[in-house]
Trainee: 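Got a structure here, written out as structure tokens. Questions coming.
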Amino acid sequence: MLIRHIHTSDALPSEITPRSTFLNRRELLRTATATGVIAGLSPFMLSSPVDAARQKLPSLVKTKWTEQALGKDDKLTPYKDVTSYNNFYEFGTGKGDPAKNAHTLKPKPWTVVVDGHVENAGRYDLDDLIMGNDLEERVYRFRCVEAWSMVIPWVGIPLVNIIKRLAPSSNARYVAFETLADAEQMPGQRLATLKWPYREGLRMDEAMNPLTLMAVGLYGEVMPNQNGAPIRLVAPWKYGFKSIKSIVRISFTETMPPTSWNMSAPREYGFYSNVNPLVHHPRWSQAKERRLGGPTNIFGLTPKRPTLMFNGYEEEVASMYQGMDLTRNY
Ligand SMILES: Nc1nc2c(c(=O)[nH]1)N[C@H]1C(S)=C(S)[C@@H](COP(=O)(O)O)O[C@H]1N2
Ligand SMILES: [Mo]
């Protein structure tokens, strides 16, 4: 039994939790209390709500993006920072809120609806949607519009693989995504901080770009709820808000789909939202960024570094925007 293993061995929960078993801290404590073993749990267990649910993902495929395919100044952002400093307004607007509140999300079972201009429309169990694809490990820079950045080892499937299987028709020019709408699981949706459900979209060529990932994990483990379990987008040349979390709908559309941040503040957030040090946000500069969890200076701050065009992925993506005025299409 799980509790006995935790109680009696030194193994991390991530090493002994079966893939099918999901215990968050509350359940763990409830079970522990009920079985009377709570006195045996170490302080480490009690203070690690995130760790109790950590599960390793099997057989990850390495790609050219696995290792530090990045600059020599780039180091992986520590797991703790990646999973405790988040934007996920469905669980509150504070950076610490998602890690605190996202335990109410139930990422399994999970259904994704596919509709619009596509041959294989329908409701898919998540496992069926991604079936037959290798899980790839890819280390990507991630740049948030609020001018901090991270380097994250994601685990996922190229979106292009999923799209090819779904077989969009020639009328499909954009892909639209929606997050779950359920105020029971996502209590932040009781507040009108954004229009729910959270929506995002990509032009078809952006969606089919080999960089675009549908991520199901990070650091070799199942996606933590606060990072967008069970499946979220990662488009690393765009500001973080394009990378929509906890996706339940993929729609193939002919016209540019509405997106949440553009709807709530069109002057500040465009559809493209490519990382661009030359185009400032109306309220702050995008020229520099602070690397989360990076080495600190004598003031205890991570020094700012220059932001790169397309977040450093110019070679892979610049051709898609040739001839476009990127100060207008921001
Ligand atoms: N559904 C949903 N997706 C979302 C958000 C959100 O509030 N809701 N926030 C976005 C923003 S602003 C950022 S910066 C990234 C943050 O991802 P992370 O918490 O994994 O770093 O998620 C994006 N995806
Ligand atoms: Mo963001």
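Just so it is clear, the values below take in all heavy atoms, side chains as well, and ignore hydrogens, waters and symmetry mates. Start at 1 and go down the list; that is how both ligands and their atoms are numbered.
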Trainee: Which residue pairs pass the ring pair (Phe, Tyr, Trp, His ring centres under 6.0 Å) test when at least one of the two sits in residues 206-236, sequence neighbours left out?
Mentor: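 Pairs touching residues 206-236 that pass the test: Tyr79-Tyr219.
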Trainee: List the protein residues in contact with ligand 1, where contact means a heavy-atom separation under 4.0 angstrom.
Mentor: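 Lining ligand 1 at under 4.0 Å, by heavy atoms, one finds Asn86, Asn87, Phe88, Tyr89, Glu90, Phe142, Cys144, Met150, Thr179, Tyr198, Asn227, Arg232, Gly240, Phe241, Ser243, Ile244, Lys245.
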Trainee: Between Phe91 and Phe88, how do the two ring planes meet: parallel, tilted or perpendicular, split at 30° and 60°?
Mentor: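 Aromatic pair Phe91/Phe88 classed perpendicular.
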Trainee: Do the side-chain N and O atoms of Tyr321 and Glu206 include a donor-acceptor pair separated by under 3.5 angstrom?
Mentor: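 Yes, side-chain donor-acceptor contact under 3.5 Å.
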Trainee: Okay, side chain of Lys238, backbone of Tyr272: is any donor-acceptor separation there less than 3.5 Å?
Mentor: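 Checking the backbone N and O of Tyr272 against the side chain of Lys238, a donor-acceptor pair under 3.5 Å is found.
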Trainee: Using ring centroids (six-membered ring only for Trp), state whether Tyr269 and Trp261 fall under 6.0 Å.
Mentor: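 Judged by ring-centre distance (under 6.0 Å), Trp261 and Tyr269 do meet the cut-off.
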Trainee: Run through Val175, Leu213, Leu202 and flag the one making a side chain to side chain contact (heavy atoms under 4.5 Å, CB included) with Leu233.
Mentor: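 Going through the options one by one, the only one that passes is Leu202.
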